[in-house]
Chemist: 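Dropping a structure here in structure tokens format, bear with me for questions.
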Amino acid sequence: MRESSILTVLTSTEQLGPTGVELYAWGQLRTNEGYIRLMAGHLGSQITDVDITVRAENGTSSRTAHATIRDGYFAAWYPEGRDEASSNITTLTLRLTDGSTVSNLSASQLYEHPKLD
């Protein structure tokens, strides 16, 4: 018998509020072409865009991935070296309907605890 997995909503949209965010997945996957990082989560009602910035721990380089947003959820992927996972600093910037931003949200902290409004 094959088991199916169901995505469980851990935090309701009401609990997240207008500017909250919850990170559901943040895993690394090996492909034939190298490694990629996958990220997915649940968004507050006023969030229109999510940018993920990955910085080298020594600060020498950074890159930004733009997440796909749909129905209050986001997903993104980006290439990542095998050993970068332990040395990169990953943050999220949320863009809101009023044009303001919430920046420098630590992905590792969001993975452990959602940001509630």
Chemist: Transitively linked via ILVMFWY side-chain contacts under 4.5 Å: Met39 with Ile69?
Modeler: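 In one cluster with Met39: Ile69, yes.
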
Chemist: What residues, two or more places apart in sequence or in another chain, satisfy side chain to side chain contact (heavy atoms under 4.5 Å, CB included) together with Glu80?
Modeler: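 Partners of Glu80 under the side chain to side chain contact (heavy atoms under 4.5 Å, CB included) test: Gln28, Arg37, Arg63, Tyr78, Glu84, Ala85, Asn88.
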
Chemist: Applying side chain to side chain contact (heavy atoms under 4.5 Å, CB included), name anything that partners Asp71, two or more places apart in sequence or on another chain.
Modeler: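 So Asp71 forms no side chain to side chain contact (heavy atoms under 4.5 Å, CB included) with any residue.
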
Chemist: Considering only distance and modelled atom types, tabulate donor-acceptor pairs under 3.5 Å from the side chains of residues 47-55, sequence neighbours left out.
Modeler:
unit_1, atom_1, unit_2, atom_2, d
Thr48, OG1, Arg95, O, 3.2
Asp51, OD1, His66, ND1, 2.5
Asp51, OD2, Arg95, NH2, 2.8
Thr53, OG1, Thr64, OG1, 3.4
Arg55, NH1, Thr91, OG1, 3.4

Chemist: Determine whether Leu23 and Ile89 fall in the same hydrophobic cluster, where Ile, Leu, Val, Met, Phe, Trp and Tyr are linked whenever their side-chain heavy atoms lie under 4.5 Å apart.
Modeler: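 No: no chain of side-chain contacts under 4.5 Å links Leu23 to Ile89.
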
Chemist: Considering only Ile, Leu, Val, Met, Phe, Trp and Tyr, and joining two whenever side-chain heavy atoms are under 4.5 Å apart, list the other residues clustered with Tyr35.
Modeler: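 Members other than Tyr35 - counting any ILVMFWY side chain reachable under 4.5 Å - there are none.
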
Chemist: Under the side chain to side chain contact (heavy atoms under 4.5 Å, CB included) rule, collect the residues that match up with Ala56, sequence neighbours excluded.
Modeler: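 Side chain to side chain contact (heavy atoms under 4.5 Å, CB included) list for Ala56, sorted by chain: Asn58, Thr60, Ser61.
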
Chemist: What's the verdict on side chain to side chain contact (heavy atoms under 4.5 Å, CB included) for Thr90 and Trp26, showing C-alpha distance, side-chain angles and the deciding distance?
Modeler: CA-CA 11 Å; Thr90 304; Trp26 188 34; 3.8 Å; yes

Chemist: Treat each ILVMFWY residue as a node, draw an edge where side-chain heavy atoms are under 4.5 Å apart, and state whether Leu94 and Leu16 are in one component.
Modeler: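 Leu94 and Leu16: separate clusters.
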
Chemist: How long is the straight-line distance from NE2 of His42 back to OG1 of Thr11, given to the nearest 0.5 Å?
Modeler: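 Output value for this atom pair is 8.0 Å.
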
Chemist: For residues 105-117, which side-chain donor-acceptor pairs fall under 3.5 Å, sequence neighbours excluded?
Modeler:
unit_1, atom_1, unit_2, atom_2, d
Ser106, OG, Ser108, N, 3.4
Ser106, OG, Ser108, OG, 3.0
Ser106, OG, Gln109, N, 3.3
Lys115, NZ, Thr19, O, 3.1
Lys115, NZ, Thr19, OG1, 3.3
Asp117, OD1, Thr19, OG1, 2.8

Chemist: How long is the straight-line distance from CD of Gln46 back to CG of Leu96, given to the nearest 0.5 Å?
Modeler: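 The CD atom of Gln46 is 7.5 Å from CG of Leu96, to the nearest 0.5 Å.
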
